[in-house]
Structures are given as structure tokens and as C-alpha cells.
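Worth knowing before you read on, the calculation uses all heavy atoms, side chains too, and leaves out hydrogens, waters and symmetry mates.
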Amino acid sequence: MGAKYVALVMLAAFALSAHAQEVTLAVPEGVMPPEIPADNPLTAAKVELGKKLYFDPRLSKDDTVSCATCHDPRTGFTEHKTVSDGVGGAKGVRNAPTVLNAAFFSQQFWDGRSPTLEVQSVQPLINPVEMAMPDHAAVEKKLAGLPEYAPLFQKAFGDSKVTITRVGQAFASFERTLITLDAPIDRFLAGDTKAISESAARGWELFNGKARCATCHAHASVFPLFTDDKYHNVGVAAKALDFESLARKVEGKPEDLPHLSHEPGVNQLGRFLVTKQRQDMGAFKTSHLRNIALTAPYMHDGSEATLVDVIAFYDKGGNPNPWLDGGMRPLGLTEQEKADLVDLLETFTSTDLSRFDDLSKLMPKK
């Protein structure tokens, strides 16, 4: 990455316009900035409100769970658990993905059921195994009863009225500032051959060749997250599941997507729950690889504990099933090649993460 970008992120995660206090996201030259909805312009006041909401456990039913509980800045904005614990110790069925760089994605959640951060961010509030509020009206009422929020809503929106739409807009505004695109792999791709080790450089050759990683994780300078932002069945969800019978259950029992996505067994249908298309059975979003070494465990169900395990999973060609992606096949990697790939993936860790240290201080005390 260029020195211009490094200087920007060292100074701040965003810059302010002197006129409208609008926030301009700092991205490297040549990168397509995240799309910001016309009805939710990015302002400093909304970012500050969203930050407070993100770390506030009072948005949960029993005041114990915040967004940051499962997306902790101290652990790469995720959580080192297979699945997260919600209110009362309830457990979800999908691994918490990192919030870092989520602003770039065209859909949110592992199955892509939410089209924007605004829509996605308010769903965990009313999920019974996450923050467990009874409905969005209850969220509005609870926030309206907390006096410190009135001036923050006033500053962000022009009046102090609390609505779930505004809550989602504030969450999304804060999350859009969590961009980090400065890692050794970037300097290597920019021409600095010494930016990564010889082992990692061999891993890059494998990544684009024998290991077939680039099939779904190719690098694109305008969208440098190392993902195709699409959905694939790689066999993770195929463990002792009868996809057909589960699909018939869904088709004969229409329910809202948030419920289905957390129902054991049914949730493994993945993208099919959104599209109802057979080719999407067991398909989940391709994870981006930024900071991947910090966000274990892996896969949508947290079933692979380490990067070594992930590479072994792909080396065997995933788990066979009728809807397995056509790109999945055994790779025949040697132990050295597997090690080289792990070394490569560790170079995807950003070197500017210390700028989020102040956010770590906002974590609620347990």
C-alpha cells in the first residue's frame, strides 16, 4: 500500500468535512470505496452514536450482551468460539464473522439474507439466541428511557426520537469506519519482494496455482479482500445431513429467515434459505481473508479450529454431497506446501490494527 494511505490511517479512521461533518472513508488509491446509502450519509455524529450502541449491553434483554460481545475489537472483531453465547447462555449455530471490512460486502450474514449493514445490524437485537429483545419496538422503548441517548440522537438526526431505522443507520455508520487494508501481502503485491518470507512467497504461488485458492479468493485491486463475495457449497454443511428432506421442511413450513437461519439442521441449508434454489443448497458466503490469522475458528459453523485444519479440509476436497461446488477436488498438497500456505495467510494481517486500541477500552466489564 502507498505511503499516502498509511499516513491517512495512522492519523484517523476517517476525515471530516468542515461543512457537513460528513465522514470520508480512507481507502488505498485504486480501491473502490464502500457504497454509502443515499438515505444514510456518513457523519461523525452517527458514527459516535453507533459506536456507543455497539458497545452497550443494555440493548439486550438482560443487559449482558452487546454487539461487541461477539465482535470484540481485541480479537479481530470476532470471538474465538465455535459459536457465540447469547442471553442466558443460549448458543447460536453460526460462527461470528469479523466486522472488519464488512462495509465492502453487497450482502450481510453467512447466507446473505440482509442487503445492507443497516438491515443486518438490528437483527441480532431481536434474535432469541443472541440479544433476545422481544421486538424492535421494545428496543426503541428501552433506548428512549436511557437519558444519555437523547442528545446523541439529536446530534445525529436533528431530533431525539429513537427509531429502529435510526439505530440501524448509526450501527452501520460506525461499522463502515472499521476498514483496514494495510498488510504485508499488500506491500508484496505492490512490488516489495522482501515484505513477506520465502515460505509465504511460495504460498502465493500455490494460492494462485496448485492449491486453487484463487478460484474463490483471487486478488482484485479495486476490491482487495480476497473473496469473490459469492456463495459456495464446499462441503462444510454436509456432515450427516439430508439436504433434500431439510429443503422440503422449509418449503412446507414458511417462516421468517432469521428464525430459519438459527434452527439446527435447517440452518445448514445456507443460501438456499434465501433463494429457494436447489443449486444454493449448503452454500455459504466466501470468507474474505483479511486478518484471517486473527479470527479462528473458521467456516460458517466454526468447525475448523486452525488455519492448518482449514487447509487440510480443502486439500481433501471438502465433504462430498450432491451440491458440492464444481471447483472442489483433492489437491495433493505436501506438508511443506501446506505450511507455505499458512505462512502466506499470516501475511494478510494488517499492521495498522493498533488504531482500534481505544475501542478495546470500551468493552463492557464482565
Any donor and acceptor pair, going by atom type alone, linking the side chain of K210 with main-chain N or O of G332 inside 3.5 Å?
yes

Using 4.0 Å as the upper bound for N to carboxylate O, is an ion pair formed by R176 and E118?
yes

Using the six-membered ring wherever Trp is involved, compare the ring planes of F356 and F77 and label them parallel, tilted or perpendicular (cut-offs 30° and 60°).
perpendicular

Less than 4.5 Å apart, side chain to side chain, heavy atoms only: is that true for T351 and P184?
yes

Salt bridge (Lys or Arg N to Asp or Glu O under 4.0 Å) for K142 and D63? Distances and angles first, verdict last.
CA-CA 11 Å; K142 191 170 187 179; D63 300 347; 2.6 Å; yes

Are V119 and I36 connected in a single hydrophobic cluster, I mean Ile/Leu/Val/Met/Phe/Trp/Tyr linked by side-chain heavy atoms less than 4.5 Å apart?
no

So which atom in F284 and which in Q268 form the shortest heavy-atom distance, rounded to 0.1 Å?
CE1-O, 3.5 Å

Sidechain-backbone polar pair: K46 side chain, Q169 backbone, donor-acceptor under 3.5 Å:
no

Would you say the side-chain atoms of S60 pair up with the backbone N or O of V65, donor to acceptor, closer than 3.5 Å?
yes

S350 side-chain N/O to D352 backbone N/O, donor-acceptor pair under 3.5 Å:
no

Is the CD atom of Q154 crowded by more than 12 outside heavy atoms at less than 6.0 Å?
yes

Does the side chain of P57 reach to within under 4.5 Å of the side chain of T64, using non-hydrogen atoms?
no

Only one of H71, E79, R94, K91 forms a side-chain hydrogen bond (donor to acceptor under 3.5 Å, both in side chains) with S84, so which one is it?
E79

Just checking, any donor-acceptor pair under 3.5 angstrom between side chains of D56 and S66?
no

Looking at W110 and G270, would you say the former's side chain and the latter's main chain have a donor-acceptor pair under 3.5 Å?
no

Do the charged groups of K161 and D159 touch, with an N to O distance under 4.0 Å?
no

Would you say L59 and V129 are hydrophobically clustered, going by side-chain heavy atoms of ILVMFWY under 4.5 Å?
no

Check whether more than 12 heavy atoms from other residues, nucleotides or ligands sit under 6.0 Å from atom NZ of K61, and answer yes or no.
no

Does any N or O in the side chain of D192 come within less than 3.5 Å of the main-chain N or O of R187, such that one atom is a donor and the other an acceptor?
no

Which of these passes side chain to side chain contact (heavy atoms under 4.5 Å, CB included) with T286: D228, D229, V234?
D228

Are L344 and I311 connected in the hydrophobic side-chain network, where two residues link if heavy atoms are under 4.5 Å apart?
yes

Hey, what's the ring geometry for W204 with F188, parallel, tilted or perpendicular (30° and 60° as the breaks)?
perpendicular

Any side-chain to backbone donor/acceptor pair from N95 onto T82? Under 3.5 Å, distance only.
yes

Can you check whether P224's main-chain N or O pairs, donor with acceptor, with R290's side chain at less than 3.5 Å?
yes

Common cluster, F348/V310, ILVMFWY with side-chain heavy-atom separation under 4.5 Å
yes

Can F109 be reached from L225 by stepping across I, L, V, M, F, W or Y side chains whose heavy atoms are under 4.5 Å apart?
no

Crowding at NZ, K155 (>12 non-hydrogen neighbours, <6.0 Å):
no

With a sphere of 6.0 Å drawn around CD of E35, does it hold more than 12 non-hydrogen atoms of other residues, nucleotides or ligands?
no

Keeping the roles fixed (side chain from Y298, backbone from D309), state whether a donor-acceptor pair exists under 3.5 Å.
no

Taking the side chain from K285 and the backbone from Q107, do they hold a donor-acceptor pair closer than 3.5 Å?
yes

All heavy atoms of G326 vs all of R329, minimum pair found to be O-NH2, 3.4 Å

For D280 and T275, what are the C-alpha separation, side-chain angles and deciding distance, and is it a side chain to side chain donor-acceptor pair (under 3.5 Å)?
CA-CA 7 Å; D280 290 327; T275 67; 2.6 Å; yes

Is the gap between the ring centers of H288 and F105 under 6.0 Å?
yes

Lys/Arg N to Asp/Glu carboxylate O, E48 vs K51, below 4.0 Å:
yes

Heavy-atom closest pair (F272 atom, Q277 atom, distance to 0.1 Å) is CD1-O, 3.3 Å

Using side-chain heavy atoms (C-beta onward) and a distance below 4.5 Å, is M363 in contact with P73?
yes

Should the pair F207 and H217 be assigned to parallel (<30°), tilted (30 to 60°) or perpendicular (>60°) ring geometry?
tilted

